[in-house]
Each structure stands twice: as structure tokens, then as C-alpha cells.
There are 2 protein chains.
Amino acid sequence: MKNEDEPKDKRLKPGDAQKLTMAEVAKYVGVSAMTVSRAFRQDASVSEETRKRIMEAVDALGYVLDLSAGSLSSRRSGFIAALVPSINNSNFSDTARGMTDALEKTGLQLLLGYTDYSTEKEEELIEAMLRRRPEGIILTGGSHTPRARRMLAQADIPVVETWELPEDPINQVVGFSNSEAMALLVRTLASQGYRKFGYIGGTTARDTRGSQRRSGFQRTVEELGLGPGRMISFGVPPITMEQGGQAIVSLLERWPDTEVVLCVSDLSAFGAIMECTRRGMKVPRDIAIAGFGDYEISSICHPRITTINVDCYGIGRQAAARLLDALHTGEATGDEITLTGYKVVLRESTDRNGAPTA
Amino acid sequence: MKNEDEPKDKRLKPGDAQKLTMAEVAKYVGVSAMTVSRAFRQDASVSEETRKRIMEAVDALGYVLDLSAGSLSSRRSGFIAALVPSINNSNFSDTARGMTDALEKTGLQLLLGYTDYSTEKEEELIEAMLRRRPEGIILTGGSHTPRARRMLAQADIPVVETWELPEDPINQVVGFSNSEAMALLVRTLASQGYRKFGYIGGTTARDTRGSQRRSGFQRTVEELGLGPGRMISFGVPPITMEQGGQAIVSLLERWPDTEVVLCVSDLSAFGAIMECTRRGMKVPRDIAIAGFGDYEISSICHPRITTINVDCYGIGRQAAARLLDALHTGEATGDEITLTGYKVVLRESTDRNGAPTA
DNA sequence: ACAAAAATTGTTATCGATATCATCTTGCCG
DNA sequence: CGGCAAGATGATATCGATAACAATTTTTGT
């Protein structure tokens with residue numbers, strides 16, 4: 001006979017609810033741990049009767065599966081990492097919702113991280129995420145630190161970049177051209193007769209989508225022969241409603257004859273409109289203002305704001321779908337670019353008749 | 001001699017970047033895996049020289065620590081779970097920021113989940129989180145399913161409930177009385193002469209904070225002898241700007257002489273104000289409207305909205321701090337209630353002089 | 001200069017589930 | 001009724017790091 005282990009010296013602290021493991025559940029039911037493990041997966045071969053008994057025991061004991069142990073041995077962490085610039089931006093939250101919906105029923109969980117529009121923060125987050133071994137990762141934008149790129153390459157998992165069209169994609173891309181979208185808005189407004197264009201955006205290149213919108217604006221105004229646009233930069237992205245208000249004051253001081261102002265987002269457009277209203281100017285009678293992103297506020301406020309509607313939800317949904325494709329096909333897929341839609345939404349704030357309450 | 005293992009049959013797939021482990025880094029540097037492990041923690045005793053060499057190797061090889069293995073053996077997952085109702089609500093995102101800030105430098109990461117104001121979704125999320133063995137968990141509100149409560153009890157980790165004062169706290173609480181806050185707003189407005197009070201909120205009890213605000217409203221209006229309040233319920237929480245607009249229409253149809261309307265949140269208040277404006281009513285001249293939460297929009301829009309400012313950031317910060325306390329003191333702390341502040345912010349939308357642009 | 005203390009590094013067992021292969025039933029068919 | 005396939009279950013090794021303790025080197029005090 002082999003010598004039996006003495007009762008272990010493991011001192012369970014008094015109040016310490018001894019931690020339940022699968023083995024204990026197994027002993028309780030009278031099966032092996034492996035069978036309990038199988039009972040937790042619907043594809044595994046366990047008789048219905050045994051599974052039922054196990055699940056009852058799980059319930060009775062209050063056992064909760066331990067994925068950290070499971071993922072170590074199965075080498076599947078069971079989650080997808082997604083990094084977005086801001087927690088509090090309905091555009092990105094719509095995108096996140098799209099991802100969550102697409103991942104439903106796949107057994108994969110979404111882990112969100114917030115980069116605060118900073119590539120350094122993004123790098124940190126990528127490292128933090130990779131340490132937990134995600135099965136794939138979704139990023140916003142195409143601007144990353146060199147080290148971030150290296151880590152991603154090394155990680156050998158599918159990567160999807162979203163919300164823009166990077167010049168040098170890592171892997172897959174789901175997004176649209178922010179500069180083209182802004183160009184479309186400029187051309188649409190120009191075709192309505194506007195000639196003197198102003199632009200409000202943040203000061204730095206941190207927000208790459210913002211920069212792209214700006215360059216789309218600039219380029220298109222010049223292409224249309226409407227001279228260089230009047231551009232005001234204000235604040236570190238993401239610029240707030242308040243900064244939108246401050247910016248339009250600067251802009252109108254410098255170029256009082258401006259006819260229409262395009263803003264990097266609806267939020268700054270809203271701030272600008274409110275500031276104008278407060279100063280006794282009527283929008284669009286005295287000045288027209290447009291935003292970008294089609295946030296809820298733009299269809300509610302007075303006057304309603306002309307904007308670019310972006311398929312935020314679709315971006316998320318498709319990004320997750322592309323990622324799942326890559327995971328299923330064994331990541332042999334070519335790196336594709338999936339274009340998502342956008343459209344101009346004309347509303348009161350740029351109405352040439354200037355009769356917003358019409 | 002024992003038979004030596006044949007060179008393993010492990011077929012590394014062609015493109016497969018063979019997964020790096022600590023052992024390989026260790027071999028590369030010429031130390032033991034344990035020393036590499038130590039090099040990753042700043043408190044461990046490794047000579048500076050060795051650590052430098054190891055970190056260079058880590059960099060050169062592109063190794064990324066594997067926490068799923070580490071947390072299994074150390075029994076420390078290194079993260080805190082936090083569940084909030086909505087991803088896209090600046091109040092909660094401020095709270096989340098408070099938590100993140102408080103956890104900075106503690107080595108603990110925050111994992112956010114979104115319950116969508118549903119206790120069923122919350123239960124699912126709690127289970128999903130517990131499966132990854134968080135070291136603590138922060139919840140919003142005090143309303144949970146029985147199974148959620150059981151799982152939390154079994155998990156034996158500190159729990160903090162936030163944003164309200166539950167009748168039956170699980171453990172620690174960081175929040176304030178929503179009904180008292182709303183009562184304060186009612187009393188403040190009553191003291192300014194308002195007599196005929198209306199209220200706009202969601203239809204169900206899903207949003208417990210909303211329900212508490214409603215009951216605070218109702219109770220106080222009656223206490224002041226101003227008769228039963230005029231209450232309109234509209235939509236499933238969280239109610240949107242648009243629903244705020246629809247609600248005020250119903251309310252004014254039913255009770256056209258209402259003097260002031262309190263809304264469950266600033267967002268519905270904003271929607272209500274815009275709808276009034278659109279219909280040619282002036283706020284506050286024709287009707288006064290107030291919100292709750294002091295969102296950015298309320299200080300920007302026109303007219304600016306009277307509201308209750310809540311210390312959202314502080315709630316998050318303190319919740320995380322209390323959790324850290326509990327973790328450090330070995331969870332022997334008594335379950336305390338930490339009250340957070342709120343205050344009435346009077347703005348144009350309830351100005352009795354009705355001269356918002358004054 | 002030598003013992004004691006401190007700092008550094010290594011060895012081995014282990015965390016809790018799952019992959020893998022082995023074993024045991026059961027059912028089915030000619 | 002033998003034999004084989006399919007289904008159900010179990011035994012064991014393993015995932016990759018870290019805890020715990022052991023061994024070694026360096027520093028310190030007197």
C-alpha cells in the first residue's frame with residue numbers, strides 16, 4: 001500500500017468559506033471532476049440525467065466555474081478585448097453595443113478599455129489586455145505606438161481596426177473615410193449655396209478621426225474654389241460642448257462674415273449653437289452650424305442639427321463578425337477592409353430658409 | 001537509465017509564433033523562471049542588474065506576462081469588477097473614472113460591465129465576472145436577484161453598492177438618498193413660490209434610483225400640502241430625451257396649469273424643454289423645468305437647467321477606496337455606509353424672473 | 001576576521017480546470 | 001449471441017506562473 005497523505009495541514013481560516021472546486025462538486029455528486037467539467041459545456045457528452053444531478057449540486061453548493069483555471073488548460077481565455085477612446089460618447093457606446101450583440105451566443109465576452117484618445121494609454125491597455133490573453137482585439141483607429149504594434153504582432157491574434165481607414169492596417173479594418181465623409185458634408189452644403197466655410201476642431205492630432213475630418217474639410221473647401229477654410233482649434237480632444245461655444249466666439253470675432261461652421265462633432269456644434277443663441281444670434285438665420293456623428297441630442301435640440309450619420313452600431317457589429325470569421329477560419333483570412341456607411345442628415349441648423357420651426 | 005522523452009510530437013504549425021513562456025525567457029537570460037517572475041514585480045528581491053538583463057530579454061523576445069497562469073497560482077486575479085447600468089451616461093462614466101483613478105497604482109484593474117438597468121442582466125454579469133474571480137465587486141444600486149445575492153455571498157469578496165442607500169445592504173455602501181435629494185429640490189422650488197408640481201419619470205421600477213426620486217417627489221409635495229403631484233410615466237428606463245419631450249406634452253395636456261416639472265434626469269428635462277420651445281412655450285416663463293444629475297448639457301443649453309448635482313466622481317472614488325480598505329484589512333471591516341454629497345443647482349430653467357438671458 | 005543577518009537565486013509543488021486517452025456500458029445488427 | 005460502434009465516464013498529465021522553502025552569496029557588526 002502506498003502511504004496515504006496525512007490530513008493536509010491547510011489551515012482554513014475560521015470565517016473562511018472554503019473555496020469550492022470542481023472536485024468538491026464532483027465528490028458531492030459522486031462523479032469525477034472531468035464529468036462536472038463536461039456538464040458545464042453543452043456540446044460535451046454527458047447523459048442528461050448526470051448533467052441534471054450535477055447542476056443541482058452546483059446550485060445547492062453555490063459553485064461558480066473558475067475560468068482562470070479553465071482557460072489556462074484549454075488555452076482559450078474566452079474574451080475579446082476592445083479599446084475605444086471614450087466611455088462617455090454615444091457613438092462609441094453604440095459601437096460597443098454592436099460588438100456585444102455580435103458576440104452574443106458565441107461564448108465570448110467583451111472586455112472594454114478606454115484609451116482617452118491617447119496612444120500611450122492605448123499601449124498600456126493593450127499590454128494589460130494581452131496579459132490576459134484575449135482571443136482577439138478590436139481597436140479604434142489606426143494610430144498606435146511602435147511598441148503597441150510589436151506586441152500585437154507578437155500576440156498572434158486577430159486584430160480589427162475600426163472607425164477609420166488606416167494607411168498601414170495591422171490586419172482587418174472596419175470603418176469609413178472620415179475625410180470623405182466630411183468632404184461630402186462640405187459639398188452638400190456648398191451645393192445649397194453656402195460659400196464662406198468655417199471649421200471647429202481640437203488642437204492636436206490625438207484624435208486622428210478629428211484630424212481626418214479637418215483635412216477633408218480643408219481639401220474640399222479648396223477644391224471648390226472657396227478659398228482656405230476658416231479653422232479654429234480649441235482644446236484637447238475630445239472637445240466639449242463648452243469648448244464648442246468658446247470656439248465659435250473666436251471664429252466669429254476673426255471672421256464675422258462666416259456663413260456656415262462645421263464642427264468636429266455634434267457636441268461641439270451643440271455648444272456653438274447654444275452660445276450663439278445666448279448671444280442673440282439665430283441659427284441658421286445669422287449663421288449655419290453643422291456637426292458630425294448624429295448624436296441623439298442633434299435630433300432633439302432646437303434648432304435640430306445638420307450632421308453626418310455614421311453607422312456606429314454596424315461598425316461594432318461587423319468588427320466583431322470579422323473577428324469571429326478570423327477565429328473560425330484559423331486566422332487564415334486575408335486582411336480585408338470592410339467599409340461602413342455614412343450619410344448627410346440635413347436639419348434645421350443649416351436650413352437656407354432659416355425657418356427652423358417651420 | 002530512465003527512458004528519455006522523444007522530442008515531443010508537438011507540431012508547431014508553420015505560421016505559429018511559438019508561444020513564449022517565462023521559462024524560455026529564463027533560459028535565454030540564464031536564470032530560473034522564478035527569477036523572471038520576480039523581475040516583473042517591483043517589490044520582489046532581484047538585483048537591479050539581473051532585473052535589467054531580464055527586462056532586456058523580455059523586450060527583445062517580445063514576451064508578455066501571462067496573468068491567467070499567474071493568477072491561478074497566486075490566487076489573485078488582479079481585477080475589480082464594477083457593474084453600472086449604462087455605458088452611455090456621463091454620470092456613471094464619471095463614477096467609473098473615479099474608480100479607475102482610485103485603483104491607479106494599486107495594480108488592480110477595473111473591469112466594467114453594463115447591466116442595462118436590468119437585474120437579470122446584472123445577475124448574468126455577476127456570474128460572468130465571478131467566474132474570473134474578481135477580488136472585489138462594485139454594484140450600482142441595491143436591487144439584485146436572489147441568485148445574484150447568493151453568488152455574491154458565496155464568493156466571499158468585498159461588495160460595495162453605490163448610488164443609493166439599499167434597505168438591505170450586502171456589505172458596504174457608498175451613495176446618497178435619491179428620495180431625499182429629490183425632496184430637497186422640491187422644497188427649494190416650493191420656497192421660491194412654485195405650487196403646482198409635475199413629475200416625469202419612467203414607467204417601471206427597473207431604475208430603482210428613478211423610483212426613489214419619484215417617491216421623494218410625491219412624499220414631499222404632499223408634506224408641503226401641495227396635493228398629490230402630477231406624475232407622468234413614460235417609457236422604459238432610462239428614458240431618453242425624446243421621451244422627455246413626449247412626456248411633457250402628455251403632462252400639459254392633462255394638467256395645463258402645471259407650474260414646474262421635475263424630471264428623473266437632466267436628459268429627459270432637456271427633451272422636455274426643447275419640446276416646449278418648439279411648441280412656442282418659453283421656459284421658464286410659461287413653465288419651469290428641472291432635471292437631476294447635472295449633466296454637462298444642463299449648464300450649456302439654453303435655458304440652462306436647474307438640477308441636482310451629484311458627486312458622481314466621488315461615489316466611484318470612494319467606492320473603490322472602501323473596497324481597497326476591505327481588501328487590506330482582510331475584509332474584517334464592519335459594513336459601513338459612506339454618504340456622498342449632492343446639492344441643488346439653480347439655473348435659468350426655473351428662474352422665477354423668467355429672464356433666462358439676463 | 002568571523003558569525004549573524006540580509007539579499008539573491010533556485011527547486012519543487014501547486015493553483016483548478018481541461019485535453020487526451022483509456023475504460024466501461026449499452027445498444028444494435030446480422 | 002458475438003462483435004463492434006456509439007455514448008458515457010474516469011485517470012492522468014498538463015497549461016504557465018507563483019508560493020514556499022531551501023540554498024547560496026553578500027553584507028554587516030563588533
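Numbered from 1 within each chain, the chains take letters A, B, ... in sequence-line order. Hydrogens, waters and symmetry mates play no part in the numbers below; they use all other heavy atoms, side chains included.
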- Item | Gap between atoms CZ and P, on R75(B) and dA13(C) respectively (whole Å) | 17 Å
- Item | OH/Y28(B): more than 12 non-hydrogen atoms of other groups inside 6.0 Å | no
- Rounded off to whole Å, could you give me the CG-to-P distance for the L72(A) and dT14(C) pair? 17 Å
- Query: Could you give the CZ-to-C1' distance, from R133(A) to dA17(D), as a whole number of Å?
  - Reply: 11 Å
- Counting N and O atoms only, with roles assigned by atom type, does the side chain of S37(B) sit under 3.5 Å from a partner on the main chain of A33(B), one being a donor and the other an acceptor? no
- Item | Carboxylate-amine/guanidinium contact E124(B) K121(B), below 4.0 Å | no
- What's the CG-P distance between L130(A) and dA17(D), to the nearest Å? 14 Å
- Query: Excluding sequence neighbours, so at least two apart, what forms salt bridge (Lys or Arg N to Asp or Glu O under 4.0 Å) with R206(A)?
  - Reply: none
- Message: N89(A): which residues meet the side-chain hydrogen bond (donor to acceptor under 3.5 Å, both in side chains) condition with it, sequence neighbours left out?
- Response: Y295(A)
- Okay, side chain of Q318(B), backbone of T338(B): is any donor-acceptor separation there less than 3.5 Å? no
- Task: Could you check which of dT18(C), dG10(C), dG16(C) has an atom nearest any side-chain atom of V31(B)?
- Result: dG10(C)
Kindly give the atom pairs (protein nitrogen or oxygen, nucleotide nitrogen or oxygen) under 3.5 Å for nucleotides 24-26 of chain D.
none

Between the protein and nucleotides 4-7 of chain D, which nitrogen or oxygen pairs are less than 3.5 angstrom apart?
none

- Query: Of R149(B), E123(B), E161(B), which meets side-chain hydrogen bond (donor to acceptor under 3.5 Å, both in side chains) against H144(B)?
  - Reply: E161(B)
- When the distance from CG of L20(A) to P of dG16(C) is rounded to whole Å, what number comes out? 11 Å
- Task: List in numerical order all residues of residues 46-58 of chain A for which some heavy atom is under 4.0 Å away from an atom belonging to DNA chain C.
- Result: none
- Whole angstrom value for the distance that separates C1' of dC15(C) from CZ of R76(B): 15 Å
- Can you tell me if S71(B) and S74(B) form a side-chain donor-acceptor pair at under 3.5 Å? no
- Query: Side chains of T208(B) and E164(B): do they bring a donor and an acceptor to under 3.5 Å?
  - Reply: yes
- Message: In whole Å, I'd like the distance from the NZ atom of K27(A) to the P atom of dA11(D).
- Response: 14 Å
- Query: Rounded to the nearest Å, what distance is computed from the CG atom of residue L67(A) to the C1' atom of nucleotide dA17(C)?
  - Reply: 10 Å
- Message: With a 4.0 Å limit, can you tell me whether S32(B) has a side-chain N or O closer than that to the phosphate oxygens OP1/OP2 of dG10(C)?
- Response: yes
- Is there a side chain to side chain contact (heavy atoms under 4.5 Å, CB included) between M129(B) and L111(B) once you walk through the steps? CA-CA 9 Å; M129(B) 290 292 190; L111(B) 243 60; 4.1 Å; yes
- Item | Residues R147(A), E127(A): salt bridge by 4.0 Å N-O rule | yes
- Message: Please determine whether side chain to side chain contact (heavy atoms under 4.5 Å, CB included) holds for the pair I137(A) and I80(A), giving the CA-CA distance in whole Å, both sets of side-chain angles, and the decisive distance to 0.1 Å.
- Response: CA-CA 6 Å; I137(A) 187 164; I80(A) 298 291; over 6 Å; no
- Item | Sidechain N-carboxylate O distance under 4.0 Å for D66(B), R133(A) | yes
- Task: Could you tell me whether R76(B) atom CZ has more than 12 heavy atoms of other residues or ligands within 6.0 Å of it?
- Result: no
- Note on the structure: Residues in residues 33-42 of chain B with a heavy atom under 4.0 Å of DNA chain C, by number, are M34(B), T35(B), R38(B)
